[in-house]
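Residue numbers begin at 1 in each chain, while the letters A, B, ... track the order of the sequences.
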Amino acid sequence: MSEQKRLFLVDAYALIFRGYYAFIKNPRINSKGEDTSAIMGFMNSLLDVIKRERPDHLAVCFDKGGSTDRVEMFEAYKANRDETPEGIKTAIPYIMEILKAMHIPIMVKEGYEADDVIGTLSRQAEKEGYKTYMVTPDKDFAQLVTENIFMYRPVFGGGYETWGIPEVQKKFEVTDPMQVIDFLGMMGDSSDNIPGLPGVGEKTAKKFIAQFGSMEGLLANTDQLKGKMKEKVEANGELGLLSKKLATIMLDVPVTFNAKDFELDHPDVEKVKEIFQELEFRRLTDNFLKTFSSETETAQTAIEKTSEKTETKATPKEVKSAGSGQFSLFGGDNNSAEATTENTFTRKTTETTSHFYQSVAPGMATKLFIKNLMSQNSVCFDTETTGINPITAELVGIAFSWEIGKGFYLPIPENRDEAQELIEQLRPFFESESIEKIGQNLKYDIKVLAKYNVEVKGKLFDTMLAHYLINPDMRHNMDVLAETYLNYTPISITELIGKKGKNQLSMREVSLDKQTEYAVEDADITLQLKEHFQNELGEANTQKLFDEIEIPLLRVLAAMELEGINLDKAFLNGLSEQLDKDIKALESKIYAEAGEEFNIASPKQLGIILFEKLKLVDKPKKTKTGQYSTAEEVLSYLAKEHEIIQNILDFRGLSKLKSTYVDALPTQVEETTGRVHTDYMQTVAATGRLSSNNPNLQNIPIRTERGRQVRKAFIPRNEDYILLAADYSQIELRIIAALSKEETMIEAFKNGEDIHASTASKVFNVPLNEVTREQRSNAKTVNFGIIYGVSAFGLSNQTDLSRSESKELIDTYYATYPKLRAYMSEQVDFARDNGYVQTVLGRRRYLKDINSRNAVVRGAAERNAVNAPIQGSAADIIKIAMISIYNKLQEGNFKTKMLLQVHDELVFDVYKPELDNIKVLVKTEMENAFKMDVPLDVELDTGLNWLEAH
DNA sequence: ACATGAACTTA
DNA sequence: GTAAGTTCATGTT
């Protein structure tokens, strides 16, 4: 080809970081527990560039030993950068090795950054008549752009953009790319710790460049500035010039561009395959082989095949003149774009995938559709509504799919009667026991349909729940699942209805075509995910957990959430007024003691008052963000230094109480029902627990006298009802005793002893009836500590004991309960061997850090290995109890309803005439939910509010 | 308007 | 030392 030769210089670290963070929410971990995200991300980008552009010359540039020159100039340079993540550190040697096997030159120069190496090489290549493409997302490189030197930037969402002189001029509002240096010098760069001029950000920097052309020009003409800005710029001229120097990429690194060395050679395919195999990169191997086995393909076909709407091609001219365009018309082999499924930046969408999504017209078409629907064995459906609150949301349409790539959308009329009429036609489907229903977050759909008096019956498959069991540490929203498992990007809801807030549309206002595309796509994807997950459930041995716990529980939770709980608003309003008075009183006391008024709720202002004005302590503790720490544990320690401290602590406690509970709860009462409806999250807690939000009813205060008053506001539905609270007593300790088969502890439980006193008696070697309060309290702390994975440090923080006393106590504890200790190390060993731990029902938690070389990271994973099976087993057990109690209440047609779950407690609204039966029922089901060598014990209490019942 | 960190609530 | 959620202040979009 007579074309100008093209050199690609790759900024290695920038692409590695980018690749690593692209996977951050869903890191790639292989069976050896290695995080391979960074390697995979980098290789994807590199192969992508090669495939798209077919460069004839290519090199990858790394930093080495940081920039000694820049550190000499400014010692803070890059000083506050976070330490390189472990996953990136371990990736570097692999990447080096792969590059060697690919015969791609690696450029590094001790004491220089990749920017400098790339800058120098690009200038040398330019002299020899090359066009150079700097492959990096880093904006700093814009200063290097010339007629023959371009930036080749990966963009989020896929594709690349090429920045030449016009793009840089536009982006930075400069006339010459070199002015980018002045621009960066003025505004600074927090990630590189380039200080910049104080008070100058992006906007001001652009203005100055336009006005003065350069940093020097600005400093020479400060008389044209005014006010604060003039003072600041004049006072910081030195800093400005230094910043400019720091931002300048060096062009005199002692490296040489030798064209021959940079030619893109054929890789050592076997060697690369070997390394990829070791890393367990299957799809990447395919991608690699395709990239290089088809080296005869022209740049054009390669680009055509991976082209996307967001992409801007690097050199359109060259592409046009490249030969054999005839292949592109029908795409040759179309696999490559779709088969490289691990490539984060090229994903399938509804526009690139063939599908048949149709809306169903009213009348006959609907009748025929429903007939067809009723003849299916298994159907995926998804409801579209006017909002996210299922209590108030109205149905807009329902999507159905039972065949991949195909589905139907049934719009629901806005008129409520007409809507109900249509729903009635669908009732036989939803209430069919024989048709399996598939969905993503079915709890929502079930709640919405319940508002139309439709019960969803038959077998259920919820993809969100399935994935929660497959990998509880990930997120489970459909977008993430589609991207991870199907390499597919669904239409985003914001694309449809806009960002929330000002101009957000309701689903009803979206065109029917768009509703159909969006809704049926969701149903289609969910169906595809189901195919994916149903096998994985079996492989992870969690099928039973899915069928017998999570799926049945979904209906239980839907019922509890719909039920809600009655709240005494008037009582809370009274409480609020009292709190308000007390808070105001504390406020004026604090202002008087501080000698000025300030925002007590601002930790920043408070820190300054306490540690700079009042100088309460010589060397104040700081938080990780460099503020003074005013955390409770810090302040409590200072309480005797100054009266203000106790007042601040009281102020904080009361403010929290007022804002989070006393004032917030009444606003969360649903108007239509007059009750508070929390939302239980079934797929959030990594251990298998539920969580609760909007509002969170699992953290209603109880420890302090003032706080627990809030519980008085939770009341029965009317005078015919009474609240019943049922608590598992010490369930986690019972589980660890049973799992470890620690006889001494098991016996204590069997004999109904006070377990903390019993522990104290054994550990401190005193008769049970002579145990002191302090001994019992310390024993209690250790008992809980065991569940969390103790350390002497943690224990001494929690008790009055010193570090060495704590260590001694822990040692004696282990000596008293040797099997407990053995059990704990068994869990850690199991995690090391298998990569996960599990609960009594086989619920797994994967612990990728269990073999980390970083002791802190590994320690945390080890504590998880001990705690997850215990916390998780307790969660399993109460879930079993909830399901069986719910079923018994249904079967017996009881008026009593289960309302709340708080990890080891259930709260019921009991119809008074049923109380005796319910007490027996609840206690029996809870205590017999799961059989172990240790009995489970449940305490019951009733009352006219939640405080009395507890 | 949105995201983050600190502080505080629970089991 | 485990597991969560909410509020407020603060800084950037």
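Here A/Y661 lies in heavy-atom contact (under 4.0 Å) with sugar-phosphate atoms only. Looking at heavy-atom distances under 4.0 Å, A/S655 makes no contact with the nucleic acid at all. Residue A/A664 is in sugar-phosphate contact alone, with no base atom involved, counting any heavy-atom pair closer than 4.0 Å across all strands shown. Using a 4.0 Å heavy-atom criterion, one finds that A/A686 contacts the sugar-phosphate atoms exclusively. Residue contacts shown for A/V684 are limited to sugar-phosphate atoms, with no base heavy atom under 4.0 Å away. Residue-level contact check: A/E732 touches neither bases nor backbone, having no heavy atom under 4.0 Å from any strand. Residue-level contact check: A/Q798 touches the bases, meaning some heavy atom is under 4.0 Å from a base atom.
We find that CD1 of A/I600 is positioned 15 Å from C1' of B/dA7, with the value rounded to whole Å. Rounding to whole angstrom units, CZ of residue A/R821 and P of C/dG1 are separated by 19 Å. Between the P atom of B/dA11 and the CG atom of A/L900 lies a distance of 13 Å, rounded to the nearest Å. For the pair A/L610 CG and B/dA6 C1', the computed distance is 15 Å after rounding to whole Å. Rounding to whole angstrom units, CD of residue A/Q627 and P of C/dA9 are separated by 15 Å. Summarising the geometry, the separation between CG on A/D679 and C1' on C/dT6 is reported as 15 Å, rounded to the nearest angstrom. The interatomic distance linking A/Y728 (OH) with B/dA11 (C1') rounds to 15 Å, in whole Å. When the P atom of B/dA7 is taken as reference, atom OH of A/Y628 falls 14 Å away, rounded to whole Å.
Ion pair A/E632/A/R652 not flagged as a salt bridge, since none of the NZ, NE, NH1 or NH2 atoms sits closer than 4.0 Å to an Asp/Glu carboxylate oxygen. Salt bridge status for A/R776 with A/D754: present, with a side-chain N to carboxylate O gap under 4.0 Å. Between A/R832 and A/E862, at least one side-chain N (NZ, or NE/NH1/NH2) sits under 4.0 Å from a carboxylate O, which counts as a salt bridge. A salt bridge links A/E732 and A/R689; the closest N-O separation between the charged side-chain nitrogens and carboxylate oxygens is under 4.0 Å.
The aromatic rings of A/Y468 and A/H476 stand perpendicular to each other, their planes meeting at an angle above 60°, with 30° marking the opposite boundary. Note on ring orientation: taking the six-membered ring where Trp is involved, the planes of A/H756 and A/F784 are tilted (angle from 30° to 60°).
The stretch residues 695-710 of chain A touches DNA chain C through A/N696, A/N699, each having a heavy atom within less than 4.0 Å of the strand.
The nucleotide whose nearest atom lies closest to any side-chain atom of A/T687 is, among B/dA11, C/dA3, C/dG5, C/dA3. Taking only side-chain atoms of A/R689, from C-beta outward, the nucleotide of B/dC8, B/dA11, C/dT7 with the closest atom is B/dA11. Which of C/dT7, C/dA3, B/dC8 sits closest to the side chain of A/R845 comes down to C/dA3. Closest to the side chain of A/T781, from the set C/dG1, C/dG5, B/dT9, is C/dG1. Residue A/N693 has its side chain nearest to C/dT6 when only B/dA7, C/dT6, C/dC8 are considered. Between B/dA11, C/dT6, B/dA7, one nucleotide has an atom nearer to the side chain of A/V902 than all others, and that is B/dA11. Residue A/N867 places its side chain closer to C/dT2 than to any other of C/dT7, C/dA4, C/dT2. Of the listed nucleotides (B/dA11, C/dA9, C/dT6), C/dT6 has the atom at the smallest distance from the side chain of A/K656.
Not one side-chain nitrogen or oxygen of A/S602 sits closer than 4.0 Å to the OP1 or OP2 atom of C/dC8. Close to C/dA3, at under 4.0 Å from its OP1 or OP2, lies a side-chain N or O of A/N864. For the pair A/T623 and B/dG5, the criterion of a side-chain N or O lying under 4.0 Å from OP1 or OP2 is not met. OP1 and OP2 of B/dT9 both lie 4.0 Å or more from every side-chain N or O belonging to A/T660.
The number of heavy-atom neighbours closer than 6.0 Å to CD of A/E577, taken from other residues, nucleotides and ligands shown, is 12 or below.
A/A726 and A/V922 make their closest contact through CB-CG1, 3.7 Å (heavy atoms, listed as atom of the first residue, atom of the second, distance).
For A/Q901 and A/Q698, the side-chain atoms include at least one donor-acceptor pair closer than 3.5 Å.
Below the 3.5 angstrom threshold, one finds no donor paired with an acceptor across the side chain of A/K604 and the base of C/dT10.
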